[in-house]
Each structure stands twice: as C-alpha cells, then as structure tokens.
A.B. asks: 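Take this structure first; my questions come after.
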Protein chains: 2
Amino acid sequence: MMKYSGQTRVLVAVDCIIFGFDGENFKLLLIQRGFAPQRQKWSLMGGFIQPAESLETGAQRVLKQLTGLEGVYLEQIPGFSEPIRDPVERTIAVPYFALIDIHKYEAQLSSEYHAEWFLLSEMPDLIFDHNQMVEMAKMRLRYKAALHPILFELLPEKFTLPKLQILYEKLYETTFDKRNFSRKVLSTGLLVRQEDKDKESSRKGAFYYKLDKEKYYDNFEAFLKFIPNPEKFLV
Amino acid sequence: MMKYSGQTRVLVAVDCIIFGFDGENFKLLLIQRGFAPQRQKWSLMGGFIQPAESLETGAQRVLKQLTGLEGVYLEQIPGFSEPIRDPVERTIAVPYFALIDIHKYEAQLSSEYHAEWFLLSEMPDLIFDHNQMVEMAKMRLRYKAALHPILFELLPEKFTLPKLQILYEKLYETTFDKRNFSRKVLSTGLLVRQEDKDKESSRKGAFYYKLDKEKYYDNFEAFLKFIPNPEKFLV
DNA sequence: CCAAAAGTGTTCAACATACACCCATGA
DNA sequence: TCATGGGTGTATGTTGAACACTTTTGG
C-alpha cells in the first residue's frame with residue numbers, strides 16, 4: 001500500500017503521572033532512568049507507542065510493567081509537543097495521569113526499574129518537561145475530582161471517612177468541616193458502612209466503608225461535589 | 001546525535017472540528033478531500049505535524065489555511081490512535097475543536113479547499129473515525145460550555161441576548177427561562193449594553209451587547225454556569 | 001390595533017454553610 | 001479518668017428555579 005509521501009514521522013511516547021495516597025499524603029511514583037540521556041535522573045515512567053497498540057493501551061502496558069497493575073484509572077492530558085523537548089530526537093509525549101491504590105502496588109513491585117514513591121511535596125527535579133507534566137496533571141486531577149468521585153481509586157477497598165476527608169483536604173490544600181463532608185459523601189449512597197472499625201488512628205476507632213461497586217460503576221463519572229466552592233479550584 | 005533505536009516512528013495529524021453558529025443553528029466546517037484515499041468524501045480539516053511545530057501550532061496553521069483566521073479558540077481532545085484507523089499508514093490523530101465567528105470566516109474563504117458549512121444535524125458521513133471525533137468534540141464542548149463562558153467565541157462582536165440564549169439552547173437541545181437566563185448572564189458583568197438594537201428578528205428590537213473584553217480575558221476560563229442543572233450535561 | 005418578540009420582579013424551595021457537643025476507648 | 005479522635009443535628013442564609021404580565025413597534 002502507498003504511504004503518505006513527504007511527511008515526517010515522529011516518536012510518540014506515553015508518560016504516566018502515577019498518583020498514590022498513603023493515608024496521609026499524596027505520592028508520586030517515579031523511576032530513575034537506567035538509560036541515556038540523563039541516566040540516573042528521575043523521570044516519569046513512560047514508553048514509546050508500539051505498532052499494534054493505541055495510546056491508552058500503551059499507557060496501560062507501561063503501568064503494568066512498572067506496577068503489575070491492570071485496568072488502572074487513566075486519563076489523558078494534553079500532549080507535550082515542543083519540537084525540541086527531547087534532545088535526542090523529536091518525540092511527542094501524550095501524558096496520562098493514573099490513580100492507583102498504593103497498597104496494591106507495593107505487593108507487586110518489579111525490580112526491573114528503580115522506582116520510588118515520593119511525597120508530592122518532596123519531588124525531585126525531573127528530566128525534560130516532566131515537571132510541567134506533573135503540574136498539569138495536578139491541575140487536571142483537582143479539576144476532575146472537584147466534580148466527579150474519582151478519588152476513591154486511590155483508596156484501598158476498605159477505608160474510613162476521616163481518611164477520605166484527608167485525601168480531599170490534601171488535594172485541595174485546605175480543610176473541610178467534617179459534619180458537612182460526611183453528610184455530602186454519605187448522601188450519595190455510594191458508600192456502605194462495614195461492621196468493623198479502623199483502630200489505627202484513634203481509640204474509638206472509625207468505621208470502615210466500602211464502595212457500592214454497582215452504583216459506583218453504573219454512574220461512574222457522576223457529577224458530585226464533595227467540596228464546597230469548587231469554582232475556586234476550577235481553572 | 002544518537003537516535004532512540006528500535007522504535008517505530010509514526011505520522012501525527014491534527015484534525016480540527018470547527019464549530020460555527022449562524023444565529024440559528026450550530027454548524028460544522030468540513031472539506032471535501034482532494035486526495036486519496038477516499039477522494040471526494042467529506043472530512044475534517046487536518047494536517048500532519050511539521051518538524052518545527054507543536055500540536056497547537058499545527059492546529060492553528062491548519063485553521064489559518066482553511067479559514068484565514070488566527071488566534072482562534074482551540075481545545076485539544078483525547079487522541080485517536082487505533083493502529084489501523086488510517087488505512088494508508090499508521091497515523092495518530094490529535095483532534096482540536098475550534099470555535100469561530102462564522103461571519104469572520106465567510107469573508108476570508110480560500111478557494112484552495114472545497115469547504116462547506118453543514119448544519120450539525122445534517123452532517124454527511126465522514127472518513128475514517130472523523131464521525132467519532134465530531135461526537136467527542138460535541139460532548140467536550142457541552143461539558144466545557146456548561147461551566148465556562150466560551151460560547152461567546154462563536155458570536156460576532158455585537159450580539160443580542162435572545163441570540164445568546166438560542167446558542168445555549170441549541171447546544172443543549174433544550175429551552176431555558178429567558179428571565180433566569182438573562183439575569184444570570186448579566187449578573188456576571190461580562191456584557192455591556194449598546195445603544196442600538198437588532199431589528200432583524202422583532203419589531204421591538206433587541207439591544208445589542210458587547211463583551212467587556214477586559215473582564216472577559218482577565219478571567220478567561222471563569223467558572224460560570226449559565227445553564228440550570230449542569231449535571232445533566234456533564235458526562 | 002394587533003401580532004410578535006423583548007424585557008423585567010417576586011416567591012418559594014433546596015442547598016450549602018456554619019457551628020458545638022457527646023461518644024467510645026485505650027492507656 | 002482523661003485525652004484523643006469519631007460521630008452526629010440544627011438554624012440560617014444564599015442560590016437557583018418557577019412563574020406572567022407589560023412594552024414596543026411595524027404592518
């Protein structure tokens with residue numbers, strides 16, 4: 001078959017901004033590059049698109065390689081395409097942010113990559129334009145999470161309301177009234193209270209909740225506002 | 001300089017979903033392909049990314065070629081990247097939706113392309129996956145416009161409140177209460193009433209308004225809701 | 001004078017916020 | 001028994017939705 005003539009072909013990479021939450025803080029999973037250029041420097045996990053895969057498939061592959069996880073929540077953010085963003089060769093990067101349950105990850109860590117979790121606030125300098133990608137991903141996550149219940153993707157199967165609230169508070173760098181917060185969250189009917197409590201962080205213990213998977217997936221990107229004044233965060 | 005070895009390079013295209021509004025209905029600017037494959041079939045205007053340009057720059061170039069317009073409102077939507085989406089050769093497409101003032105366009109039409117405006121509701125079948133791109137763009141536009149005042153990009157410099165309301169009503173395929181609508185819109189302070197009236201569509205005439213450019217651009221993506229129950233439209 | 005569209009105000013309900021006290025428990 | 005974090009209810013203000021009549025003017 002004929003090809004389009006006179007056009008330049010370029011490398012296309014997917015880079016993953018992998019968010020986790022340890023119960024206290026947001027974290028980012030980074031790898032130390034084992035190859036040139038900028039060997040040893042920290043970077044996002046990424047990879048070049050292969051002939052038989054789509055962008056989304058590529059991103060899932062890259063994630064699986066690093067974390068062992070499949071079917072992860074992924075969202076594409078706008079491409080990074082400055083002609084000289086990669087000094088080696090022109091590469092157009094399509095970043096995805098990923099939300100994973102940090103605990104699921106730990107069990108499956110492959111030693112093929114030198115990967116490490118960093119507190120979002122203590123992130124090292126990254127190669128190329130990866131710092132900007134992280135910034136962009138944070139903005140997008142803030143935006144999306146203000147309107148849709150996606151942050152559950154960061155939590156383990158069983159979690160408590162105080163933990164959920166801390167999650168939101170950390171993302172928006174503020175605090176919320178716990179009475180209003182729990183009322184809003186519970187009023188969605190998405191959460192099912194369990195019998196048992198988490199006694200780790202208080203003597204009284206906090207009830208565990210699980211997602212009502214049915215409701216959650218049926219109306220996956222439901223429009224819900226768990227935080228007050230979302231317009232403050234919607235840039 | 002060394003290149004990354006063993007990787008496949010691909011064509012990257014930008015395709016533009018160009019929206020216009022004629023005062024009554026949404027329209028889409030399409031071109032009839034002058035080259036194979038699928039010569040004569042309708043398609044979105046697009047082009048391959050050139051060595052010295054970014055995706056956004058490429059999209060602006062493509063738009064300028066077709067419409068003569070520069071600095072158009074553009075927004076990237078997620079890439080289309082199925083390996084066989086283009087039968088000639090693997091091409092990853094990054095679509096952009098564009099909002100233009102249809103009247104500005106008409107003046108500058110280049111005859112280099114066979115381009116035509118179609119009512120959104122009477123759109124022909126398009127090549128490849130362009131139909132899906134249009135669907136995706138409509139969804140994104142609905143989402144974005146429900147929360148941010150971007151639809152002004154579709155209107156001429158002077159417009160009336162009834163026209164603005166029709167614009168919103170057509171996008172959301174519903175009707176709004178004009179008292180509530182005008183109150184909301186005017187309360188933003190974004191609009192400045194002019195002395196003169198548009199007498200085209202009524203005997204009484206409707207006041208023209210202009211955007212307060214200062215306020216508009218200062219707070220370009222302000223969070224505003226001109227439509228009731230936006231959650232209905234936020235998929 | 002009449003048809004057709006433009007313009008305008010009020011009432012009510014729902015929602016979001018602010019706010020404070022009691023509970024359970026382990027040490 | 002006390003210190004710590006968990007859990008809950010109410011009152012108030014704000015916001016958004018519903019709703020109908022008067023105005024203007026060209027024909």
Side-chain angles (χ1 to χ4, degrees), chain A residues 23-24 146-147 149 155 158-170 172 174-189 191-210 222-234, chain B residues 23-24 145-149 155 158-170 172 174-189 191-210 222-234:
Chain A
E24 292 295 327
L147 303 175
L155 292 171
K158 279 167 36 170
F159 53 88
T160 66
L161 287 184
K163 284 277 187 284
L164 181 64
Q165 184 169 347
I166 291 168
L167 175 58
Y168 276 86
E169 291 179 341
K170 287 295 159 84
Y172 296 103
T174 182
T175 56
F176 303 120
D177 182 281
K178 65 177 171 177
R179 289 160 290 193
N180 294 335
F181 185 81
S182 83
R183 182 162 359 96
K184 272 193 215 184
V185 170
L186 294 177
S187 74
T188 65
L191 298 192
V192 184
R193 196 167 92 174
Q194 306 302 112
E195 298 290 303
D196 51 336
K197 288 182 161 188
D198 169 23
K199 299 264 200 170
E200 297 279 306
S201 46
S202 79
R203 309 193 192 285
K204 183 177 177 180
F207 280 108
Y208 279 117
Y209 286 81
K210 281 187 184 176
F223 187 72
L224 297 172
K225 299 187 305 180
F226 290 167
I227 64 165
N229 304 317
E231 62 278 11
K232 281 187 195 160
F233 306 104
L234 307 191
Chain B
E24 292 294 328
L147 305 175
H148 305 278
L155 293 171
K158 279 168 33 170
F159 53 88
T160 66
L161 286 184
K163 283 276 186 286
L164 181 66
Q165 184 168 348
I166 290 168
L167 175 58
Y168 276 86
E169 290 180 341
K170 287 296 160 86
Y172 295 103
T174 181
T175 55
F176 303 120
D177 182 280
K178 64 179 170 174
R179 290 160 292 191
N180 292 336
F181 185 81
S182 82
R183 184 166 354 97
K184 274 194 213 184
V185 170
L186 294 177
S187 74
T188 64
L191 298 192
V192 184
R193 195 168 91 174
Q194 306 302 111
E195 297 291 303
D196 50 338
K197 287 181 161 189
D198 169 22
K199 300 263 200 171
E200 297 280 307
S201 46
S202 80
R203 308 193 194 288
K204 183 177 177 182
F207 279 108
Y208 278 117
Y209 286 81
K210 280 187 183 176
F223 186 75
L224 297 172
K225 300 187 304 181
F226 290 167
I227 64 164
N229 305 316
E231 63 276 11
K232 280 187 196 161
F233 307 104
L234 307 191

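Below, chains carry the letters A, B, ... as their sequence lines are ordered, and counting in each starts from 1.
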A.B. asks: What is the distance, to the nearest angstrom, from the CG atom on Leu186(A) to the C1' atom on dG6(D)?
C.D. replies: 13 Å
A.B. asks: Closer than 4.0 Å, any side-chain N/O of Lys184(A) to the OP1 or OP2 of dT17(C)?
C.D. replies: yes
A.B. asks: Checking Arg193(A) now: which residues fulfil side chain to side chain contact (heavy atoms under 4.5 Å, CB included) with it, not counting sequence neighbours?
C.D. replies: Phe207(A), Tyr209(A)
A.B. asks: Excluding sequence neighbours, so at least two apart, what forms side chain to side chain contact (heavy atoms under 4.5 Å, CB included) with Lys178(B)?
C.D. replies: Gln165(B)
A.B. asks: Heavy-atom nearest nucleotide on DNA chain D for Ser201(A) versus Arg193(A): which residue maps closer to 5'?
C.D. replies: Ser201(A)
A.B. asks: Can you sort out the partners of Thr160(B) under side chain to side chain contact (heavy atoms under 4.5 Å, CB included), two or more places apart, ordered by chain and number?
C.D. replies: Pro162(B), Lys163(B), Asp198(B), Ala206(B), Tyr208(B)
A.B. asks: Between atom CD in Glu24(A) and atom C1' in dG5(D), what is the gap in whole Å?
C.D. replies: 13 Å
A.B. asks: For the pair made of CZ in Phe181(A) and C1' in dA16(C), what is the distance, rounded to whole Å?
C.D. replies: 15 Å
A.B. asks: Return the set of residues passing salt bridge (Lys or Arg N to Asp or Glu O under 4.0 Å) with Lys158(A) (not counting sequence neighbours), or none when no residue passes.
C.D. replies: Asp196(A)
A.B. asks: Partners of Arg183(A) by side-chain hydrogen bond (donor to acceptor under 3.5 Å, both in side chains), sequence neighbours excluded?
C.D. replies: Asn180(A)
A.B. asks: Find the distance Phe176(A):CZ to dA16(C):C1' and express it as a whole number of Å.
C.D. replies: 14 Å
A.B. asks: Along nucleotides 21-27 of chain D, 5' to 3', which nucleotides get a B, which get an S, and which get a -, given that the test is a protein heavy-atom distance under 4.0 Å?
C.D. replies: --BBBBS
A.B. asks: What closest approach, in Å, do Val192(B) and Gln194(B) show between heavy atoms, and which atom pair accounts for it?
C.D. replies: O-OE1, 3.1 Å
A.B. asks: For the pair made of CZ in Arg179(B) and P in dA20(D), what is the distance, rounded to whole Å?
C.D. replies: 7 Å
A.B. asks: If the condition is salt bridge (Lys or Arg N to Asp or Glu O under 4.0 Å), which residues does Arg203(B) pass it with, not counting sequence neighbours?
C.D. replies: none
A.B. asks: In Å, rounded to the nearest 0.5 Å, how long is the span from CZ of Phe159(B) to CG of Leu167(B)?
C.D. replies: 9.5 Å
A.B. asks: To the nearest Å, how far apart are Phe207(A) CZ and dA24(C) P?
C.D. replies: 10 Å
A.B. asks: Who pairs with Ile166(B) by side chain to side chain contact (heavy atoms under 4.5 Å, CB included), at least two apart in sequence or on another chain?
C.D. replies: Phe21(B), Lys170(B)
A.B. asks: Calculate the interatomic distance between Leu164(B) atom CG and dG7(C) atom C1'; express it in whole Å.
C.D. replies: 15 Å
A.B. asks: Could you list the protein-to-nucleotides 10-13 of chain D atom pairs, N/O on both sides, closer than 3.5 Å?
C.D. replies:
residue : atom : partner   : partner atom : Å
dT10(D) : O4   : Arg183(A) : NH2          : 3.3

A.B. asks: Could you give the CG-to-C1' distance, from Leu161(A) to dG5(D), as a whole number of Å?
C.D. replies: 13 Å
